Amino acid sequence: MHIDMDCFFVSVGLRKHPDLRGQPVAITHARSGVIAADPSKQAIRDQEFALYEERLPGGSSSRISDIKQKSDGLASMSEIASCSYEARQYGIKNGMFLGQAVKLCPNLKTLPYDFEGYKEVSTILYKTVASYTLDIEAVSCDEMYVDVKDILRDTGLTVEQWGFHIRKEIMDITGCPCSTGFGANRLQARLATKKAKPAGQYYLKPEDVALYMAEIPLGELPGVGRATVTKLTRLGFNTCGELLEGGSVKVLQAELGLKLGERIWEQAQGIDSKSLDFNHERKSVSTEVNYGIRFKTKEECYTFLESMSKEVFTRLSEINMRAKGLTLKLLIRAEGAPVETAKFLGHGVCDSITKSSTSNIIYSKAEIIFKEVKGIYDKLNIPFAELRGIGIQLTKLEKISEMNKALNDFLKRGTTKQVKKASYDSKCDNNIVINKAAGQTQGKKDPNGNIKNINTKTLQSFWKTSSDDCSQWKHNQNEHLRNGIAIDVFNELPPTIRSEIMKEYHIDVRSVTNISAASKTVKPPSTLEKIERPNTPFVEQSWENIKESVKSWIKTENQPSEVDVDILADYLRNLALNRQIEILFTCCKFFYRKFSILNCKWHKVYITLIDAVQQGMLTNYGKMLYIDQATFSCCKNK
DNA sequence: ATCCTCCCCTAC
DNA sequence: TAAGGTAGGGGAGGAT
């Protein structure tokens with residue numbers, strides 16, 4: 001399943017402006033499409049346009065025609081970030097300048113950005129889908145791929161029923177519509193979503209793929225943009241059908257390169273072998289400012305580089321990583337480009353330069369980043385007044401795990417030289433110890449296949465969150481990481497270091513061992529061992545059996561009986577008492593999935609069960625398990 | 001032969 | 001007034 005919010009920014013904006021529903025609406029910074037007449041702007045726009053055209057021969061990008069069309073000097077150059085479907089009927093498109101859009105539709109209404117709103121809706125979107133499955137690949141704040149194979153199998157729903165259900169749930173909770181596409185691979189699902197929009201769904205069935213693909217314009221294939229379309233058009237191909245008819249892999253590869261050529265050839269047939277990536281790891285962190293760069297002094301320039309260094313380092317620290325590579329990117333006013341740009345404080349026509357640092361530095365502090373950035377900039381010998389854009393990118397990232405951090409801090413304090421000596425080998429400095437441990441973490445990543453912390457990562461990639469409602473959720477996910485994964489690393493450490501750390505941090509030896517044992521023995525549901533504590537009728541049963549019992553219970557009983565609920569609640573409480581957190585998590589997800597689609601009486605069963613879980617959790621851990629499920633609209637009182 | 005750097009292209 | 005930024009894939013050609 002591919003799922004995508006419909007004109008996301010507009011939909012979020014309309015929540016606070018319901019009066020504008022059904023009208024042509026656009027999200028922009030500017031409020032009006034008309035600006036004060038300024039004859040001097042005219043010459044600048046003409047000059048810039050000529051230069052753009054010279055640099056992009058034949059490439060009639062919408063932006064250039066925008067500048068041309070608005071050469072009356074009265075039109076706003078504020079960009080449209082997102083526009084409603086009503087606005088699209090007038091020919092308005094995302095990325096278009098407001099001035100031109102207003103000419104197409106004088107009645108166009110504008111709304112300002114609402115970044116808090118995007119964050120909120122995005123978080124709900126991801127949490128909602130994640131309450132059914134964690135097999136999610138995030139694409140952006142409003143778009144993702146989901147493997148729904150298990151959901152369909154477990155619930156018995158058809159593709160259509162499931163699509164309807166999830167879209168309705170998202171609409172109900174967020175007030176924003178989305179569309180979903182289904183297919184045998186990510187390409188088919190994605191193209192299906194295009195047809196589904198707005199506020200719809202479409203299942204591209206295997207038997208329909210060939211006919212469907214033939215009509216698809218090549219530019220609609222993911223990965224095929226402006227430049228590639230130009231090349232393909234020159235070859236005489238406009239649609240996938242035409243390409244398959246008259247082209248070949250060889251021709252494509254000769255024109256577009258080996259990889260892209262092969263990919264387009266396969267895509268044209270509806271083939272896409274790339275699997276979903278549920279556990280994406282960041283490869284770079286960067287920060288870039290290409291607006292409003294007009295330095296008056298060299299000091300100003302250095303100060304800015306310094307603050308950007310701090311910013312990019314903050315972002316690196318937030319995802320708990322460190323970097324070994326750095327690239328500086330500069331936009332420089334092109335020769336012949338006007339010093340004052342057509343767009344107020346825009347970067348205008350520029351040359352772009354990137355320069356990587358080749359030294360073997362670990363960027364573990366903002367000052368180190370700044371020093372390197374300044375060094376590269378000075379060497380490039382570019383006048384500060386010519387700068388129009390600056391970017392710093394950190395690459396060659398490495399994960400710093402929680403336990404490694406603790407270990408690092410601990411070793412840095414230098415409590416005992418012996419501890420250092422006892423580490424892996426005499427040549428190791430602190431950093432190398434950390435490295436080895438990190439490698440182990442990654443190698444053992446997610447051994448159970450049960451709990452993937454995709455959602456933490458997903459959200460962290462898009463929103464820096466610290467104080468909002470999902471911070472607790474993230475916190476708990478991290479806690480799981482410590483219990484389930486980092487403990488593995490801990491156990492690999494030499495005994496001397498282990499005992500030192502435990503003393504230092506007052507870690508209860510027994511609890512560490514228990515948690516570790518639990519996390520190691522838990523296997524996927526199909527092969528779960530028997531539950532230990534002989535306390536309930538379920539005690540000798542595997543999770544798989546219990547799951548089946550619950551399914552038939554739901555099917556056969558019109559009403560849940562109190563006795564049954566009590567038995568189930570006991571079982572869950574004992575899972576918590578036995579520190580079987582991973583099974584618990586699976587249980588809770590399963591129950592939510594089952595009970596949420598039933599009536600309110602069953603919702604109450606769910607709530608009772610979760611209460612039992614939390615009782616057990618509080619008894620054993622003094623903390624509650626963070627179970628993030630949407631509340632049931634029919635029983636809002638809870 | 002393979003790696004690295006710079007750059008282009010693309011998505012959203 | 002007006003306000004992209006962030007990330008990834010991959011190719012060309014030099015460096016190793």
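Below, chain A is the first sequence line, B the second, and so on; all start at residue 1. Being a predicted model, the structure only gives us computed values, none of them experimental.
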key: Nearest-neighbour nucleotide for the A:S356 side chain, C:dA7, B:dC12, B:dT5 considered   = B:dT5
inquiry  = Using whole Å, what does the distance between atom C1' of nucleotide B:dT5 and atom CG of A:N360 come to?
reply    = 16 Å
Euclidean distance, atom CD of residue A:E281 to atom C1' of C:dG8 [Å, nearest integer] = 15 Å
remark   = Between A:L260 and A:S284, the residue closer to the 5' end of DNA chain C by nearest nucleotide is A:S284
message = With no hydrogens and no angle check, just 3.5 Å: does a side-chain donor-acceptor pair link A:S356 and A:T327?
response = yes
inquiry  = Just to be sure I understand the rule, does A:T228 reach a base, reach only the sugar-phosphate, or reach nothing, if contact means heavy atoms closer than 4.0 Å?
reply    = sugar-phosphate
request  = Check whether any side-chain N or O of A:H280 sits under 4.0 Å from OP1 or OP2 of C:dG8, and answer yes or no.
outcome  = yes
Atom pair distance, as rounded to whole Å: CZ in A:F115 and P in B:dC12 = 19 Å
query = Quantified as the angle between the terminal helix axes (five pairs each), what is the overall bend of the helix from B:dA1-C:dT16 to B:dC12-C:dG5 to 10 degrees?
reply = 10°
note = Between CG of A:L256 and P of B:dC8 the distance, given in whole Å, is 17 Å
request  = Just do the side-chain hydrogen bond (donor to acceptor under 3.5 Å, both in side chains) check on A:N107 and A:K109 with the steps written out, would you?
outcome  = CA-CA 6 Å; A:N107 191 33; A:K109 302 284 191 298; 2.9 Å; yes
message = Would you say that A:L232 contacts A:L256 through its side chain, given a criterion of any heavy-atom pair below 4.5 Å between the two side chains?
response = yes
inquiry  = From C-beta outward on A:E288, which listed nucleotide comes closest to its side chain: C:dT6, B:dT10, B:dC12?
reply    = C:dT6
query = With respect to the side chain of A:E79, which nucleotide from B:dC12, B:dC7, C:dG4 is positioned closest?
reply = C:dG4
Nearest-Å distance for atom pair CZ/P, residues A:R190 and B:dC12 = 4 Å
inquiry  = Taking the six-membered ring for Trp, are A:Y202 and A:Y212 closer than 6.0 Å centroid to centroid?
reply    = yes
ask   = Is A:K355 near enough to B:dC6 that one of its side-chain N or O atoms lies under 4.0 angstrom from OP1 or OP2?
value = yes
request  = Name the closest nucleotide to the A:F344 side chain, picking from C:dG4, C:dT1, C:dG11.
outcome  = C:dT1
ask   = Looking only at atom types and distance, does a side-chain atom of A:Q269 sit under 3.5 Å from a main-chain N or O of A:W265, one as donor and one as acceptor?
value = yes
ask   = Is there a donor-acceptor contact under 3.5 Å from the side chain of A:T193 to the main chain of A:A189?
value = yes
ask   = Nearest to the side chain of A:K259, which nucleotide is it out of C:dG11, C:dG8, B:dC6?
value = C:dG11
note = Distance col, row A:F313:CZ vs A:F370:CZ, nearest 0.5 angstrom, shows 15.5 Å
Sugar-phosphate only, base, or nothing, as touched by A:T28 at under 4.0 Å among non-hydrogen atoms = nothing
key: Protein-nucleotide distance (A:D142, atom CG; B:dC12, atom C1'), rounded to Å   = 8 Å
message = I want to verify a distance call: between C:dG5, B:dC9, B:dC12, whose nearest atom is closest to the A:V139 side chain?
response = B:dC12
key: OP1 or OP2 of C:dA2 under 4.0 Å from side-chain N/O of A:S76   = yes
ask   = So, is A:R226 near the phosphate of B:dT10, with a side-chain N or O under 4.0 Å from OP1 or OP2?
value = no
N/O (side chain, A:K396) to phosphate O (OP1/OP2, B:dC4) under 4.0 Å = no
key: From C:dG9, C:dG4, C:dA2, nucleotide with atom closest to A:S78 side chain   = C:dA2
ask   = Between atom CZ in A:R186 and atom C1' in B:dA11, what is the gap in whole Å?
value = 12 Å
key: Distance-only polar pair, side chains of A:S357 and A:E372, donor-acceptor under 3.5 Å   = yes
note = On DNA chain C, more 5' by nearest nucleotide between A:Y291 and A:Q393 is A:Y291
message = Just to be sure I understand the rule, does A:G223 reach a base, reach only the sugar-phosphate, or reach nothing, if contact means heavy atoms closer than 4.0 Å?
response = sugar-phosphate
Parallel, tilted or perpendicular: ring planes of A:Y118 versus A:F115, cut at 30 and 60 degrees = perpendicular
ask   = C:dG10 P sits how many Å from A:R263 CZ, rounded?
value = 6 Å
query = Within the structure, does a side-chain N or O atom of A:S286 lie under 4.0 Å from either OP1 or OP2 of C:dT6?
reply = no
query = Out of B:dC7, C:dG4, C:dG5, which nucleotide sits closest to the side chain of A:R315?
reply = C:dG5
